[in-house]
Asks: 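Just passing along the structure, written as structure tokens.
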Amino acid sequence: MATKAPHESTIQTSIVNVLTMYGYTVIEIGRTRRMVPCKRCGASTPAIGWQGNTPGAPDLMVTCARWQGDWVGIEVKRPGGAIRPEQRTLAENGATSIVRSVRDALGVIIDAEDRHGYEVERIRQVRDQL
């Protein structure tokens, strides 16, 4: 039996938990409390655009004190989840990184630490165990 891919919110929560556990500051942009009805089916969906978040804005902004004000944008997608054009553009321009797992997110953080000249062996070990 095939296993169902985790929801994006589950992946995002796991990423936030791991990063904050290792001392990173994480701001969640991609979660909105405001729900609006879908015009096609009536189901409640998170508000975007003028009703909520800016289209394309990353789900998470991550920093730590040693980065001296630099931030990393992380867009969380479930495996197989569609990427909107605005999200793709930001990722292609290097403004954000699209991740589909905690392992992917840790890779983004490792790359950021490397760019700042820091070695984060413990985070590499955690990533490699996932």
Side-chain angles (χ1 to χ4, degrees):
M1 175 159 52
T3 60
K4 188 176 178 182
H7 288 281
E8 187 175 301
S9 63
T10 302
I11 298 167
Q12 183 169 324
T13 298
S14 296
I15 291 169
V16 170
N17 289 342
V18 168
L19 293 180
T20 55
M21 182 176 69
Y22 283 99
Y24 294 91
T25 299
V26 182
I27 295 176
E28 293 185 82
I29 296 172
R31 284 199 187 170
T32 179
R33 304 251 188 265
R34 187 161 187 273
M35 302 296 279
V36 295
C38 174
K39 290 179 182 178
R40 286 180 284 169
C41 67
S44 290
T45 60
I48 61 169
W50 65 272
Q51 298 174 319
N53 297 323
T54 302
D59 294 316
L60 305 173
M61 293 298 295
V62 182
T63 192
C64 65
R66 66 182 162 272
W67 294 355
Q68 300 178 358
D70 287 341
W71 292 79
V72 173
I74 296 178
E75 176 61 37
V76 180
K77 291 291 177 189
R78 65 183 287 171
I83 300 168
R84 292 196 320 266
E86 303 92 349
Q87 295 166 332
R88 186 173 306 284
T89 298
L90 286 174
E92 288 172 351
N93 291 329
T96 63
S97 295
I98 298 171
V99 304
R100 296 183 184 274
S101 66
V102 174
R103 187 178 204 289
D104 291 350
L106 291 175
V108 170
I109 297 303
I110 290 166
D111 290 347
E113 292 284 13
D114 287 346
R115 283 192 307 276
H116 287 92
Y118 296 102
E119 178 59 41
V120 285
E121 187 58 34
R122 180 66 185 131
I123 294 175
R124 287 181 200 279
Q125 291 170 353
V126 170
R127 181 204 54 192
D128 293 345
Q129 291 173 359
L130 295 175

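What's counted below: heavy atoms across the whole structure, side chains too, no hydrogens, waters or symmetry copies. Nothing here was measured: the structure is a model prediction, and the numbers come from that model.
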Asks: Please report the interatomic distance OG1(Thr13) to CD(Glu8), rounded to the nearest 0.5 Å.
Replies: 10.5 Å
Asks: Roughly how far, to the nearest 0.5 Å, is the CD1 atom of Ile110 from the CZ atom of Arg115?
Replies: 12.0 Å
Asks: Run Ile109 and Tyr22 through side chain to side chain contact (heavy atoms under 4.5 Å, CB included) and show every step you take.
Replies: CA-CA 11 Å; Ile109 297 303; Tyr22 283 99; over 6 Å; no
Asks: Measure the spacing between CZ of Arg88 and OG1 of Thr96 and express it to the nearest 0.5 Å.
Replies: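 Answer rounded to 0.5 Å: 11.0 Å.
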Asks: If I compare all heavy atoms of Val120 with all of Tyr24, which pair ends up nearest, and what's the gap?
Replies: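 Taking Val120 first and Tyr24 second, the nearest heavy atoms are CG1-OH, 4.1 Å.
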Asks: Which heavy atom in Ile29 sits nearest to a heavy atom in Ala57, and how many Å separate them?
Replies: CG2-CB, 4.2 Å
Asks: Glu75 and side chain to side chain donor-acceptor pair (under 3.5 Å): which partner among Gln87, Gln12, Arg84?
Replies: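 With Glu75 as partner, side chain to side chain donor-acceptor pair (under 3.5 Å) holds for just one option, Gln87.
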Asks: Using the side chain to side chain contact (heavy atoms under 4.5 Å, CB included) definition, which of the options Asp104, Val76, Ile83 pairs with Ile98?
Replies: Ile83
Asks: Should Arg103 and Asp128 be marked as a side chain to side chain contact (heavy atoms under 4.5 Å, CB included) after you check the CA-CA gap, both sets of side-chain angles, and the distance that decides it?
Replies: CA-CA 8 Å; Arg103 187 178 204 289; Asp128 293 345; 3.9 Å; yes
Asks: Remaining members of Tyr118's ILVMFWY cluster at a side-chain heavy-atom cut-off under 4.5 Å?
Replies: none
Asks: Who are the side-chain hydrogen bond (donor to acceptor under 3.5 Å, both in side chains) partners of Asp70, not counting sequence neighbours?
Replies: His116
Asks: Taking the side chain as every heavy atom from C-beta outward, state whether Arg100 and Ile11 have any atom pair closer than 4.5 Å.
Replies: no
Asks: Do you know which two heavy atoms are closest between Cys64 and Gly23, and how far apart they sit?
Replies: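 Heavy-atom minimum between the residues: CB-O, 4.4 Å.
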Asks: With rounding to the nearest 0.5 Å, note down the distance linking OG in Ser101 to CZ in Arg127.
Replies: 10.5 Å
Asks: Which atoms form the tightest heavy-atom contact between Gly56 and Leu90, and what is the distance?
Replies: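 Looking at all heavy atoms of both residues, the shortest contact is O-CD1, 2.9 Å.
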Asks: Answer yes or no: is there a side-chain heavy-atom contact under 4.5 Å between Glu113 and Glu119?
Replies: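 Answer no - side chains too far apart.
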Asks: Can you confirm whether Leu106 sits close enough to Leu19 that some side-chain heavy atom of one is under 4.5 Å from a side-chain heavy atom of the other?
Replies: yes
Asks: Determine, step by step, whether Val72 and Leu60 satisfy the side chain to side chain contact (heavy atoms under 4.5 Å, CB included) criterion, reporting the C-alpha distance in whole Å, the side-chain angles of both residues, the deciding distance to 0.1 Å, and the verdict.
Replies: CA-CA 8 Å; Val72 173; Leu60 305 173; over 6 Å; no
Asks: If you round to the nearest 0.5 Å, how far is CG of Asp59 from CD1 of Ile27?
Replies: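 Nearest 0.5 Å value for the CD1-CG distance: 13.5 Å.
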